[in-house]
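Read through the structure below, which is laid out as structure tokens, and then see the notes.
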Amino acid sequence: MKSDIPILKGSNQSGLRDYNERLVLSMIQRQGPIAAVDIARNSGLSQQTVSVILRKLEGEKLLTKGDPVRGKVGKPSIPMGLSAEGALSVGLKIGRRSAEVILLDFLGTVRTERRMTYRYPLPEAILTFLEKSLDSILADLPDGDARVAGIGVAMPGQIWSWAETIGATAADLESWRTIDFVGRIATFSRLPVMIDNDATAACRAENTFGIGREYRDFAYFYVGSFVGGGVVLNHSVLEGFHNNAGAFGSLPSLGDGGARRQLIDTASLFLLESDLKRAGRDPSVLWDCPDDWSGLGPELEA
């Protein structure tokens, strides 16, 4: 559903200052550079409260002034926008055949990206990859990790249960069952760590930086090794009571010969990988070159 309403309303009570600051930042992030008078009108905050918040956020280098907008009655309005350097974040995506580490700026632009591929994911190898990538990324930042808000980890659930599907043994993946991943990251980084399901994290990214900003409600389909997804209602990602509101893999679908099957068993990338192997083709292109599958032909079409 298209969105033309404010995300939330603010409060003029002083005890809700942090909430109001987040509201203003979210409004600017979603709508783009916007003048104080428009923020006040859309949020329900007083213009004085908005002005105080904007001055504080600008002083913290989270916001930057745009060019004055003239042509209206009264003084020209000055739109305030997010400062790309205002806050940075590190993301780690753990997949079944590859892992990626990125540095993201406040506007959602990927500043740098590093990738590794493997037969199957092992926690110690991925932690080493993250540590080395983090050292390299922070070394290139003038203030180190001072403006890095944290590390977000996107990973599928119950990795230890994939063994048969990805060609590993149960013993290979057993270490995922007991490892304290956040605790291990804390041994080489002081940044806060947040872990989310990979499909839910992708839905959050679409809602925050992608076309999802234009919609109040939508369903997001994530085509990974296993199909998943996310649900957004009133601009917020709906997790559900058991954190699986977007588990679209269980949706009914049709397989070969019209047989009734679940979507996860008809449209997941591990099936495409298997088809490529049966056709005598190298499936590594799925993970090494995820942006260009132009030569995969009939296996991809199916």
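In this text, all values refer to a predicted model and were calculated from it rather than measured experimentally. The basis for the numbers below is simple: all heavy atoms, side chains too, and nothing from hydrogens, waters or symmetry mates.
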Student check: side-chain heavy atoms of [X] and [Y] closer than 4.5 Å:
X      : Y      : result
Asp140 : Thr112 : no
Phe248 : Gln262 : no
Val237 : Val231 : no
Arg96  : Trp162 : yes
Ile39  : Ile53  : no
Pro252 : Arg260 : yes
Leu104 : Val148 : no
Ile195 : Val182 : yes

Next item on the list: Give the C-alpha distance, both sets of side-chain angles, the deciding distance and a yes or no for salt bridge (charged side-chain N to carboxylate O under 4.0 Å, His left out) between Glu100 and Arg114.
Entry: CA-CA 6 Å; Glu100 300 170 50; Arg114 288 163 174 77; over 6 Å; no
Checklist line | Pairs involving residues 291-302, ordered by first then second residue, that meet salt bridge (charged side-chain N to carboxylate O under 4.0 Å, His left out) (sequence neighbours left out) | finding: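 As it turns out, the salt bridge (charged side-chain N to carboxylate O under 4.0 Å, His left out) pairs with a partner in residues 291-302, which skip direct neighbours, are Arg281-Glu299.
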Notebook entry, point to check: Quick one: salt bridge (charged side-chain N to carboxylate O under 4.0 Å, His left out) pairs with a partner in residues 176-199, sequence neighbours left out?
Noted result: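 For residues 176-199, and leaving out neighbouring residues, the salt bridge (charged side-chain N to carboxylate O under 4.0 Å, His left out) pairs sorted by first residue read Glu124-Arg184, Asp145-Arg190, Glu174-Arg177, Asp196-Arg204.
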Spacing of [atom1] belonging to [X] relative to [atom2] belonging to [Y], to within rounding of 0.5 Å:
X      : Y      : atom1 : atom2 : result
Tyr220 : Phe218 : OH    : CZ    : 9.0 Å
Ser133 : Glu113 : OG    : CD    : 10.5 Å
Ser83  : Ile28  : OG    : CD1   : 11.5 Å
Phe270 : Leu286 : CZ    : CG    : 13.0 Å
Ile264 : Leu251 : CD1   : CG    : 10.5 Å
Leu138 : Asp143 : CG    : CG    : 11.0 Å

Check: Around atom CD of Gln48, are there more than 12 heavy atoms of other residues, nucleotides or ligands at under 6.0 Å?
Finding: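 No - once you tally the heavy atoms of other residues, nucleotides and ligands closer than 6.0 Å, there are 12 at most.
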With the threshold set at 4.0 Å, does a side-chain nitrogen-carboxylate oxygen contact exist between [X] and [Y]?
X      : Y      : value
Glu85  : Arg111 : yes
Asp135 : Lys132 : no
Glu21  : Arg17  : no
Arg97  : Glu273 : yes

For [X] versus [Y], what's the shortest heavy-atom pair and its separation?
X      : Y      : value
Pro192 : Ala149 : CG-O, 3.2 Å
Ala267 : Val227 : O-CG2, 3.1 Å
Ala35  : Ser77  : CB-CB, 3.9 Å
Gly229 : Ala199 : N-CB, 3.5 Å
Ala36  : Leu54  : CB-CD1, 3.6 Å
Thr266 : Leu254 : CG2-O, 3.9 Å

Item checked: Step-by-step side chain to side chain contact (heavy atoms under 4.5 Å, CB included) determination, Ile34 to Asn42 -> CA-CA 11 Å; Ile34 184 173; Asn42 293 337; 4.0 Å; yes
Side-chain heavy atoms under 4.5 angstrom apart, residues restricted to Ile, Leu, Val, Met, Phe, Trp, Tyr: same cluster for [X] and [Y]?
X      : Y      : result
Met27  : Leu57  : yes
Met116 : Phe188 : yes
Trp287 : Ile94  : no
Phe181 : Val101 : yes
Leu107 : Phe209 : no

Check: [Y] main-chain N/O paired with [X] side-chain donor or acceptor under 3.5 Å:
X      : Y      : answer
Thr64  : Lys61  : no
Ser51  : Gln47  : yes
Asp172 : Thr169 : yes
Ser189 : Ile185 : no
Asp265 : Arg261 : no
Asn197 : Thr200 : yes
Thr49  : Leu45  : no
Arg147 : Gly86  : yes
Tyr118 : Ser98  : yes
Gln29  : Leu82  : no

Notebook entry, point to check: Which is it for Leu122 and Ile126 under the side chain to side chain contact (heavy atoms under 4.5 Å, CB included) test, yes or no, and what are the steps along the way?
Noted result: CA-CA 6 Å; Leu122 297 175; Ile126 291 174; over 6 Å; no
Notebook entry, point to check: Do the side-chain N and O atoms of Ser284 and Asp282 include a donor-acceptor pair separated by under 3.5 angstrom?
Noted result: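 Yes, Asp282 and Ser284 have a side-chain donor paired with an acceptor closer than 3.5 Å.
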Checklist line | CA sep, side-chain torsions, deciding dist, call: Glu206, Ile211, side chain to side chain contact (heavy atoms under 4.5 Å, CB included) | finding: CA-CA 6 Å; Glu206 191 67 46; Ile211 197 173; 3.2 Å; yes
Next item on the list: Assess whether side chain to side chain contact (heavy atoms under 4.5 Å, CB included) is satisfied between Leu276 and Leu296, documenting all intermediate values.
Entry: CA-CA 8 Å; Leu276 291 172; Leu296 295 186; 4.2 Å; yes
Note to self: My understanding is that only residues two or more places apart in sequence, or in another chain, count here; which of them pass ring pair (Phe, Tyr, Trp, His ring centres under 6.0 Å) with Trp160?
What the structure shows: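 If we apply the ring pair (Phe, Tyr, Trp, His ring centres under 6.0 Å) test to Trp160, skipping adjacent residues, there are no hits.
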